[in-house]
Amino acid sequence: MEAKSFQIKKNIHLTEKLHLLELEGSFLQSPVPGQFIHIKIDPFFLRRPFSIAGYNDNTLKILYRVVGRATEVLSEKEAGDSLNVIGPLGNGFPVNNNYKSIFLVGGGTGIAPLLFLTDTLIRKNLNISFFYGARTSECIAFHLLPYGVDYIFSTNDGSYGYKGLIGEVMQQHIKKNGKPDIIYGGGPYQMLKQLAKISAKHKTPAFVSLENRMACGTGICYGCVTKIKDKTGWEYKRVCKDGPVFNTEEVIWENNP
Amino acid sequence: MEAKSFQIKKNIHLTEKLHLLELEGSFLQSPVPGQFIHIKIDPFFLRRPFSIAGYNDNTLKILYRVVGRATEVLSEKEAGDSLNVIGPLGNGFPVNNNYKSIFLVGGGTGIAPLLFLTDTLIRKNLNISFFYGARTSECIAFHLLPYGVDYIFSTNDGSYGYKGLIGEVMQQHIKKNGKPDIIYGGGPYQMLKQLAKISAKHKTPAFVSLENRMACGTGICYGCVTKIKDKTGWEYKRVCKDGPVFNTEEVIWENNP
Amino acid sequence: MGKQSLKIALNKLNLKTPIIVASGIFSYGEIDIGYLDYKKLGAVVTKTITINPKEGNPQPRLWETPSGMINCIGLQNPGIKEFIRKKLYSANIPNVKTIVSISGESVDEVKKLTEMLVKKDVKVIELNLSCPNVNRQNLMVSQNPEDTYRFVKAVKEICRSKTLIAKVSPNVTDITETALAAEDGGADILSLINTLKAIAIDTEKRGVIEGGLSGPAIKPVGLKAVYDTYQKVDIPLIGIGGITTGQDALEYILAGASAIGIGSALFSNPYIADQICETLTVFLERNNLKNLSDATGLLNEKNKTGAKKSRKKH
Amino acid sequence: MGKQSLKIALNKLNLKTPIIVASGIFSYGEIDIGYLDYKKLGAVVTKTITINPKEGNPQPRLWETPSGMINCIGLQNPGIKEFIRKKLYSANIPNVKTIVSISGESVDEVKKLTEMLVKKDVKVIELNLSCPNVNRQNLMVSQNPEDTYRFVKAVKEICRSKTLIAKVSPNVTDITETALAAEDGGADILSLINTLKAIAIDTEKRGVIEGGLSGPAIKPVGLKAVYDTYQKVDIPLIGIGGITTGQDALEYILAGASAIGIGSALFSNPYIADQICETLTVFLERNNLKNLSDATGLLNEKNKTGAKKSRKKH
Ligand SMILES: Cc1cc2nc3c(=O)[nH]c(=O)nc-3n(C[C@H](O)[C@H](O)[C@H](O)COP(=O)(O)OP(=O)(O)OC[C@H]3O[C@@H](n4cnc5c(N)ncnc54)[C@H](O)[C@@H]3O)c2cc1C
Ligand SMILES: Cc1cc2nc3c(=O)[nH]c(=O)nc-3n(C[C@H](O)[C@H](O)[C@H](O)COP(=O)(O)OP(=O)(O)OC[C@H]3O[C@@H](n4cnc5c(N)ncnc54)[C@H](O)[C@@H]3O)c2cc1C
Ligand SMILES: Cc1cc2nc3c(=O)[nH]c(=O)nc-3n(C[C@H](O)[C@H](O)[C@H](O)COP(=O)(O)O)c2cc1C
Ligand SMILES: Cc1cc2nc3c(=O)[nH]c(=O)nc-3n(C[C@H](O)[C@H](O)[C@H](O)COP(=O)(O)O)c2cc1C
Ligand code: FES
Ligand code: FES
C-alpha cells in the first residue's frame with residue numbers, strides 16, 4: 001500500500017444520491033477487485049473507505065453514495081481538485097480458473113467492487129449472471145454496467161425488474177436454472193446475510209465484501225473488527241486487513257454488524 | 001447588526017499577500033467607516049473580523065492579508081461562493097464637519113478602514129493627506145487608492161516613497177506644513193502607538209482602529225479587551241463593542257497589545 | 001409543526017424552551033446582538049458576578065484550537081453592587097428568564113452575594129463552582145466534593161424559596177461525586193459542564209495561554225458527564241459543552257439533560273436557537289412524544305434498567 | 001539541514017528521533033503500512049498486552065467526533081504468551097526501538113507480565129495505568145495516586161535494569177499527583193496523556209458509544225498535562241495527545257516533553273513523521289539550538305523562574 005495524492009478527473013452525479021468519482025493516476029501495486037482505498041476528505045479527522053469500482057488507463061473509479069457529512073463534501077469536489085489516498089487496501093475476491101458459472105450479487109454501492117470484478121472476469125469468457133438489487137429504478141447505475149454479462153434486476157417497489165429482494169430472486173433463479181460454481185456479493189449487511197444462508201443451503205461457496213467504520217484501514221488499530229469463526233468458536237478479525245472480502249461461511253452473522 | 005449570507009462577487013489577489021474581497025448585498029443598517037464585519041470561514045470555529053474597506057452599489061469590500069489558516073482558506077474562495085457574515089459591528093471614526101484638514105495614516109491592511117473613510121470624506125471637498133506606509137513597494141495596493149487626495153508613501157526598504165516609518169514621515173510633514181485638524185489611523189500596533197505620541201506632542205486629536213483576537217465580535221464575551229483610561233486609572237474595554245476606533249489619548253499603549 | 005411542546009420544567013423552574021444561554025457567553029443579557037431569536041430562548045445566565053469588581057486577565061484572552069477555543073477572561077466583572085445598580089434590570093429580555101451567576105472564593109463570599117440577590121428578588125441563581133477555593137491552592141471548589149457540599153448548602157439556606165443551580169467543573173476524577181455533593185447540599189438543578197483546563201502554546205510570540213477549553217471539541221466529554229450524572233442524581237440537569245447544532249442538543253437530551261446550555265457556539269452560529277428548536281420538535285414528532293421531558297435520558301442506561309446505583313449521603 | 005540533531009536521551013533510553021508511535025496505534029509493529037517513513041521513528045509502543053487474551057469490545061468500536069475520535073477497542077489482544085510467541089520478534093523494525101505496553105488489573109498481574117518480558121530481555125516496558133483496577137469499581141489505576149505508586153513500584157522492582165515508562169490517564173483532578181506517584185514508584189519516564197473518557201450518542205441507531213477521546217480535540221488538554229507535570233517531576237516526559245502536525249509536536253516539546261507520541265493522527269496523516277522532523281529541525285536551526293533537549297520546556301514557566309514547587313514524597 002502507499003499514500004499519494006490523486007487528481008480528480010471526474011466527479012459526477014449519476015442517479016439519486018449515487019456519484020462516480022474518477023481519479024487520475026496509478027498505484028505501484030495494481031489493485032485487484034475487492035480491494036478498497038482510504039480517502040482523506042478535509043476537514044474530517046478520519047479517512048473514509050471506498051471500494052475500488054474500476055481501475056484502468058491510469059484511472060481509479062469510485063462509486064459512492066452521499067450518506068453523511070464527508071460524502072457530502074466529497075460530492076462538492078471538482079475536476080482538478082486533489083485527494084490524498086491510501087491504497088490499495090485489503091484482500092480481493094479469490095478468483096479460481098476452474099469456476100465457469102459465476103453469480104455476482106450486489107445492492108446499492110455494494111455493486112462497486114463487483115463492477116471491478118466483472119471488468120476482470122469478462123475477458124475470460126465465462127458464464128456470468130449479475131443480480132442487481134435496488135430500492136427503486138432511479139437508484140440503478142445502468143450506464144456503469146459492463147456489456148457482456150446477464151443482468152437480473154430487482155427493486156423494492158417493483159419499478160424495474162422483479163419486485164422484492166435480490167437474494168430471493170437469485171434463489172428462484174437457482175431453482176430454475178441450477179446453481180453457479182461461486183457467488184460474489186457486495187451490499188447491505190442484511191442482504192449479505194441472506195446471501196450467506198442461500199449459499200449454505202445450496203452448498204455453493206460465496207465471498208462477500210463487508211463494510212464497517214474504519215480508522216486506520218491498514219490493520220493496525222483493531223477498530224473495524226467483525227466476528228469470524230475459528231477453531232474454538234470465533235474471534236474478532238479486521239475487516240480492513242483480514243477482509244474486506246470474507247467467505248460467508250466464516251462470518252458470524254448478527255443482527256447488528 | 002445582523003447575520004446574513006453574502007455571495008462573493010470577486011476575490012482577487014492584489015499584491016504580495018494582499019487580497020480584495022467583494023461581497024454582494026447590503027445590510028439593513030448602512031455601515032460607516034471604521035466598522036467591521038465578522039466572517040465565518042469553515043471549518044474554523046471562531047469567526048474572523050475584517051474592517052469594511054468600502055460599501056456602495058450593493059457591494060461590501062474587504063481588503064485582507066493571508067497571515068494564517070483562515071485567511072488562507074478565504075483566499076481560495078471563488079466568485080459565487082457564499083459567506084456568512086455578521087455586521088456591521090463596532091463604532092466608526094467620529095467625523096466632524098468642522099474639520100478641514102485631515103490626515104489619514106495607514107499601514108498594511110490597516111489602510112482598509114481608511115479607504116472607506118476616504119470614500120465618504122472625498123465628497124466633502126476637504127484637504128486630505130493620506131500617509132501610506134508599507135514594507136516594500138510590492139505591498140502597496142495602488143489600484144485601490146481613491147483619486148482626489150494627496151498620497152505620501154514610505155517603505156521600510158525605501159523602494160517607494162520615503163524610506164522609513166510612516167509616522168516619522170508624517171511628523172516631518174507636520175513640521176514643514178503644519179498640523180491637521182484631525183488624524184485617523186489604522187495599522188500595526190507599534191505604528192499606532194507612535195501615532196499616539198505624535199498626536200499628543202502636537203495636541204492634535206487622533207482616532208485609530210485597533211485590532212485584537214475576537215470571539216463574539218459583538219461585545220458579549222469580553223475576549224478582545226484593551227486597556228482604556230478611566231477616572232480612576234484604566235479599565236479593560238472591548239475593542240469590538242467600545243471600539244474598534246479609539247481616541248489615541250484614551251488608550252494605554254503597551255508593548256504587547 | 002404539531003402539538004409538540006418544547007416547554008420544560010426543571011424542578012420549579014419553568015422554561016418555554018430548553019435553550020439556556022450559558023454563563024459568560026452573553027454578557028448580562030443587556031446587549032441586543034440582533035441576530036439571535038430571543039423567542040426561542042428559555043433563559044439567559046449572566047456572566048459570573050463576584051463580590052468585588054474584577055479587572056480580568058491580560059491579553060491574550062482567546063485562542064482558537066481544533067474545533068474549539070480557549071478563553072481566559074478571568075471573570076472580568078464590575079462586582080455585585082455595580083451589577084445590581086446597572087446591569088440587573090437591563091438584563092430582562094421579554095419572556096426570557098434571567099439567571100444570575102455568582103462565584104466566590106469562600107463560603108462567606110457566596111453567602112453575601114446570595115443575600116444581596118435575594119433582597120433584589122432574583123429568582124434563579126447559578127452558583128459557579130469553578131472558582132478557585134481560597135483555602136486550597138489551585139483547586140476549584142467543585143474539584144472537592146466536601147467543599148462543593150459546603151458552598152451549595154450555605155447558599156441554599158439563604159435562598160430556600162429560590163431556585164439554585166450548581167455549575168460544576170469537569171476537571172475531576174469522577175464528576176458524579178461532585179454532582180451528588182451538590183444535590184445533597186440542596187441544589188435544585190445542576191449545570192454541567194464548565195470548561196476543561198487547557199493551554200495553548202504560541203510558538204510565534206513565545207507565550208502560553210492558560211484557560212478553559214470549550215466548543216465542539218469537548219462535546220464527547222460533556223455528554224459523558226451528563227450521561228453518568230443522570231444515573232446518579234434525582235435533580236434535573238442542564239447539559240452544556242460544545243453544543244453547536246440541533247443534533248448536539250438532541251444528543252444531550254437523550255443522554256439525560258432536561259435543558260441545554262449554549263456556549264461558545266453562539267459566537268459563530270447565529271441560527272443555533274432556531275436549529276435546536278427545529279431538531280427537537282422534529283424528533284418529538286417522529287417519535288410520537290408529546291413533551292420534551294419524555295425525551296430526557298431516552299438513551300440512558302438508567303431508563304433501560306430502571307435501576308439506580310446505590311449511594312452514600314453527605 | 002545543518003548540524004542539528006534530533007537525537008534524544010530519555011534517562012537511559014536513547015532514541016534517534018523523538019517520535020514514538022503511541023500504544024494501540026500501530027498494532028505490534030508487525031505490519032508494514034508502507035507509507036510511514038520508519039527512518040524518522042525513534043520507537044514504537046506495542047498495543048497493550050494483558051495476561052490473558054482479550055476479545056475486546058463489540059461493534060461499534062470507533063466514532064468520529066469534532067476534530068477527534070472515540071475508540072473502545074477494549075484492549076483486544078492475544079495475551080502475553082501468544083504475544084511473546086508470535087508478535088514480539090516480528091515487532092522489530094530496523095533501528096526503531098520496540099516498547100512493550102502492558103496492563104493488568106492487579107499488582108500480581110503486572111508483576112507476572114513484567115517477569116515474562118524481562119526473561120525475554122525486553123528492554124523498555126510501558127505500564128499502561130488506564131486499566132480499571134479490579135479492587136476499585138470503575139476506577140482506573142492511575143485515577144488513584146496510591147495505586148499508581150504501588151503498581152509502578154512492584155513492576156520496577158522486577159525490571160530494575162530496564163527502562164520503565166508509566167502511562168497515566170488525564171481523567172483526574174490533578175494529573176501531577178499521579179505523575180509524582182509514578183515517579184516515586186520508580187518510573188524512569190512518563191507518558192501522558194492517554195484518552196479522555198467520553199461518549200457519543202448515535203441518534204440514528206439509538207446507541208451509546210463509550211470510550212476514549214483522542215485526536216486534535218484533546219491537544220490543549222494534553223499540552224496542559226505536560227506543562228504542569230514538567231514543573232513537578234524530574235523524569236522525562238513523552239507528550240501525547242492530538243499531535244497531527246510538526247507544529248503540534250513542537251508545542252509539546254516547548255511545553256516540557258522530551259519526546260512525543262503520535263496517536264490517532266497516524267491513521268490520517270501519512271507524512272506526520274517527516275513533518276515533525278522537518279519542523280523540529282527548522283526550529284532548532286532558527287534558534288541556534290544544537291540539541292533537541294535544549295528545546296524541551298523552553299516555554300515552560302519552570303525554566304523561567306528556575307524554581308520548582310515543593311512536594312511531599314510517597
Ligand atoms: C471496505 C469498505 C468499502 C466501502 N465502499 C464503499 C463504496 O464503494 N461506496 C460507498 O458509497 N460507500 C462505501 N463504503 C462506505 C463509506 O465508507 C461510508 O459511506 C462513508 O464513510 C460515510 O461517510 P460520511 O461522513 O458521509 O458518513 P457519516 O456522517 O460518518 O455517517 C453516515 C452514515 O454512514 C454510516 N457509515 C459511516 N462510516 C461507514 C463505514 N465506514 N462503513 C459503512 N457505513 C458507514 C454511518 O453508520 C451512518 O449511518 C465502504 C466502506 C468500507 C468499510
Ligand atoms: C476589528 C478588526 C479589523 C480587522 N481588519 C482586518 C482587515 O481589514 N484586513 C485584514 O487582513 N485583517 C484584519 N484584521 C485581522 C484579521 O482578523 C486576522 O488577520 C485574521 O483573523 C487572521 O486569521 P487567520 O486564521 O488567517 O490567522 P491565525 O492563524 O489565527 O493567526 C495568524 C496570525 O494572525 C494574528 N491574528 C489572529 N487573529 C487576529 C485578530 N483578530 N486580529 C489581529 N491579529 C490576529 C495572530 O496573532 C497570528 O500572528 C482585523 C482584526 C480586527 C480585530
Ligand atoms: C468566553 C467564555 C466565558 C465564560 N465565562 C463563564 C463564566 O463567567 N461563568 C461560568 O460559569 N462559565 C463561563 N464559561 C463557560 C460556559 O458557560 C460553558 O460552560 C463552556 O463554555 C462550555 O460550553 P461550550 O463548549 O458550549 O462553550 C465561559 C465560556 C466562555 C467561552
Ligand atoms: C484506536 C486506539 C487504541 C488505543 N489503544 C491503546 C492501548 O492499547 N494502550 C494505551 O496505553 N493507549 C492506547 N491508546 C491511546 C493512545 O496511545 C494515545 O495515548 C491517545 O490516543 C492520545 O493520543 P492521540 O490524541 O494522538 O491519539 C489508543 C488510542 C487509540 C485511538
Ligand atoms: S480500521 Fe484499523 S484495523 Fe481495520
Ligand atoms: S470579541 Fe467578544 S467582547 Fe469583543
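Order of the sequence lines sets the chain letters (A, B, ...), proteins ahead of strands, with each chain counted from 1. Here the structure is a predicted model, which means the values were calculated and not measured.
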Within residues 244-259 of chain D, contacts to chain C at heavy-atom distances under 4.5 Å involve D/Q247, D/L250, D/E251, D/L254, D/A255

Hey, could you give me the CD1/CD1 distance between D/I218 and C/I218, rounded to the nearest 0.5 Å? 13.5 Å

Distance, nearest 0.5 Å, that separates CG of C/L223 from CD1 of D/I70: 8.0 Å

To check you understand the geometry: which heavy-atom pair defines the closest contact between D/I201 and C/L299, and what is its length? CG2-CD1, 3.6 Å

Taking 4.5 Å as the heavy-atom cut-off, does anything in residues 62-69 of chain C contact chain D, and if so which residues? C/T65, C/P66, C/S67

Using non-hydrogen atoms and a 4.5 Å limit, figure out which bit of C/D174 sits close to chain D: side chain, backbone, both or neither. neither

With sequence neighbours left out, write down each residue that passes salt bridge (charged side-chain N to carboxylate O under 4.0 Å, His left out) with C/K224, or none if nothing qualifies. C/D228, D/E210

With D/D294, which residues qualify under salt bridge (charged side-chain N to carboxylate O under 4.0 Å, His left out), at least two apart? none

Interface check, chain D: of C/I199, C/I209, C/T203, most non-hydrogen pairs under 4.5 Å belong to C/I199

Given the options C/V226, C/V221, C/T173, C/D202, which has more heavy-atom pairs under 4.5 Å with chain D than any of the others? C/T173

Counting heavy-atom pairs under 4.5 angstrom with chain C, the leader among D/A217, D/G215, D/P220 is D/P220

